[in-house]
Amino acid sequence: MNRDISRRTKLVLYGVLMVLCIPFVFPTWWMVTSSLKPIADIFAFPPQLWPTDVQFDAYQRVFELQPFERQYFNSLYIALIVTVGTLAVSALSGYAFARIRFRGQNVLFLVVLAGLLIPSEVTIVPLFQMFFKLGLVDTHWPLILVPILGAPSVLATFIMRQFFISLPGELEEAARVDGLGRFATFWKIALPLSRPALGAVAIFTFLHSWNLYLEPIVFLSSPENFTLPQALTQFVDAYGGPMWNVQLAAASMTALPVLAVFVVAQKQFVEGLAHTGLKG
Amino acid sequence: MSETDTVAGRESARPATGGRTAEPAGPRRAGDRRPYWTARRRDQLTGYLFITPQLLGSAVFVILPLILVVWYSLHEWNVLAGTFDYVGAENYQALADDTNLPGVLKATGLFSIGLVIFNLALALLLAVLLNQRLRGSIVFRTLFFSPVVVSLVAWTIVWGFLLQDNGGINGLLDTIGVDGPNWLRGETTAMLSVIVVQVFKNVGLNMVLFLAALQGVPGELYEAAEVDGASRMRQFWRITVPLISPTILLTSIITVVGSLQVFAQIAVLTQGGPGTSTTVLVYYLYQQAFQFHHFGYGATLSIVLFAIVLALTVLQWQMRKRWVFHES
């Protein structure tokens, strides 16, 4: 509907967009400003849209109540390993399913694809029992191994396969005539060309790992092993009530770095994800 | 993709399976017997090696647990006592007798239906608005999309804070003279709250998919419709919707399956309450297995979840035939 529109319509459109923005932007604004308020001002009436008495106490308390820096590190290193691991696994198998011909290819692809049908919640009970028997409960292994090799990476493999199928074959053929082996062709020709798909897979894999909540609370029990989403809900007082300013300070520290990266690289983010959706 | 297009965009009519046409002939002595490791065999081996990690992973972390979940549903596991006893169909009998289950299934259904309707309608509305010729639409797109990258539990915590009886929403309502309800404690408002929080979190994803689809609709169609005197509304229903129907189907599948997996929002906002009004299936499964340690019953509930996902996927695939508009 890319047609020219009158000025009046434009003004109305801007007004509508601005009102619609509120529920998307206000919560984040409220989270950050409230985390800077003293506890007495948090429930002030009328609500303070701008903190009058800025304090950083809550931010200090976050680190006193829990090993928050450790939990931050846990989330970060797990998400990075999962992202790199998923890229490796999905690029290799996506390439093989798209470009190499081998016996049983279609059947094997269907076996892998079954993972798309099975939400990880369906298998959480047996996975817990498997890791329990291996003595790996309350370690990070389940949070690393399952996403890289299990159901979450199947979608990544599917996206990579779709991408490699759409890639024109001439360059690779030229490389192979020149005597490059299969792996070298993959590594030097196909992989560099697949940067858009790799970027999209990296983004959604990182976000997925960063947001995991069910798996950490099932598998982890000691606070120093916790990941961020799980740690955020632990800031409660002696009566089990949430310590709001501390919780909001911790939530701000969890949300803002990713949000900042997003604002800087939003074009790649949005288009990358749109791209994967359309390919799928 | 511009990079790819410029480098190798010429004449790519050949099927993309590649490899077969241009195998380098390995060192082959004239008249000798052929070496076992021909280029073709080497290529096959590479194929198997490339898929090994994914295949092993699928076997160990997807297929095996899926078989085990059936096996476990016939057993009761006591972690503390270390016992694992065969109980036959007892867990399935429990399923039939479970007085909570109708409430749980109702909550799951209401959540999914509410989420899909709100999410797709809002996503389409935002996409259509952003698809107009407007300066600064990138800024608005960024704002609408931003909750997608805010960490889920952080987002949910803020909404929990806003939705309290004395929280920000009721504070704002009060300033305009409306006495707001205790959102998370009323049966209807709790479900509504959970849906709304989830919609604002993720609607940006569907919006972007719709936006991409809208940009693929050729403008001449609208011009032709304009000449014929069709109203904007009519153009939307007769041109836009049919042409982007594949995307509508895709987003509805993603959203429905995603809605069945919702967990963190429930755990943080309502803990399934009040009553079982927001206890969706995954939350109930978690409670039974990991809070009450009824692992066998948890496995049985997993099978129910799997059956629902499977049925919905098949149904949506069937709908594709009669619903999606095909250009070719």
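In this text the structure is predicted, and so the values were computed from the model without any measurement. We name chains A, B, ... by the order of the sequence lines, and we start the count at 1 in each one. Hydrogens, waters and symmetry mates play no part in the numbers below; they use all other heavy atoms, side chains included.
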Determine whether Val268(B) and Tyr213(A) satisfy the following criterion, side chain to side chain contact (heavy atoms under 4.5 Å, CB included), listing intermediate values before the conclusion. CA-CA 10 Å; Val268(B) 174; Tyr213(A) 184 66; 4.2 Å; yes
Is there a side chain to side chain contact (heavy atoms under 4.5 Å, CB included) between Phe128(A) and Trp77(B) once you walk through the steps? CA-CA 12 Å; Phe128(A) 177 76; Trp77(B) 184 41; 4.0 Å; yes
Any chance you could lay out the side chain to side chain contact (heavy atoms under 4.5 Å, CB included) test for Val69(B) and Thr123(A), step after step, and finish with the verdict? CA-CA 7 Å; Val69(B) 86; Thr123(A) 52; 5.8 Å; no
Show your reasoning for whether side chain to side chain contact (heavy atoms under 4.5 Å, CB included) applies to Leu149(A) and Val60(B). CA-CA 9 Å; Leu149(A) 297 166; Val60(B) 176; over 6 Å; no
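Here Leu66(B) contributes atom CG and Ile118(A) contributes atom CD1; the two are 4.5 Å apart, rounded to the nearest 0.5 Å. How far CH2 of Trp71(B) is from CD of Gln129(A): 12.5 Å, rounded to the nearest 0.5 Å.
Neither the backbone nor the side chain of Phe109(A) comes within contact range of chain B, judged by heavy atoms closer than 4.5 Å. Within the 4.5 angstrom heavy-atom criterion, no atom of Ile148(A) approaches chain B. Of the two parts of Leu259(A), the backbone and the side chain both hold a non-hydrogen atom closer than 4.5 Å to a non-hydrogen atom of chain B. For Gln105(A), no part lies under 4.5 angstrom from a heavy atom of chain B. When heavy atoms are compared at a cutoff of 4.5 Å, Leu232(A) approaches chain B by way of both its backbone and its side chain. At a 4.5 Å heavy-atom cutoff, Glu172(A) makes no contact with chain B through either its backbone or its side chain. If you measure heavy-atom distances from Phe235(A) to chain B, you find no contacts under 4.5 Å at all. Heavy atoms of Val261(A) lying under 4.5 Å from chain B are absent altogether. Of the atoms belonging to Leu64(B), it is side-chain heavy atoms, and not backbone ones, that fall under 4.5 Å from chain A.
Chain B forms more heavy-atom pairs under 4.5 Å with one residue of Ser34(A), Pro229(A), Ala255(A), Gly104(A) than with any other, namely Pro229(A). Of all the listed residues (Thr157(A), Thr233(A), Thr254(A)), the one sharing the greatest number of non-hydrogen pairs under 4.5 Å with chain B is Thr157(A). Contact tally against chain B (heavy-atom pairs below 4.5 Å) for Trp210(A), Phe186(A), Phe206(A): the top residue is Phe186(A). Annotation: maximal heavy-atom pairing with chain B below 4.5 Å, among Gly150(A), Cys21(A), Pro257(A), occurs at Cys21(A).
Between Tyr95(A) and Phe50(B), the angle of the ring planes lies from 30° to 60°, which puts this pair in the tilted group. In this pair, Phe144(B) and Phe24(A) present their aromatic rings perpendicular. The plane angle is above 60°, beyond the 30 to 60° band.
Phe290(B) pairs with exactly one of Ile124(A), Ile217(A), Leu214(A) by the side-chain contact (heavy atoms from CB on, under 4.5 Å) rule, that one being Ile124(A).
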Quick one: side chains of residues 145-156 of chain B, donor-acceptor pairs under 3.5 Å with protein atoms, not counting sequence neighbours, listed by atom name and distance.
| unit_1 | atom_1 | unit_2 | atom_2 | d |
| --- | --- | --- | --- | --- |
| Ser146(B) | OG | Leu143(B) | O | 2.8 |
| Trp155(B) | NE1 | Val197(B) | O | 3.2 |
| Thr156(B) | OG1 | Leu152(B) | O | 2.7 |

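When all heavy atoms of Ala96(A) and Ile51(B) are compared, the pair lying nearest together is CB-CG2, 3.6 Å.
Between the Tyr286(B) side chain and the Val218(A) main chain, no donor and acceptor come within less than 3.5 Å of each other.
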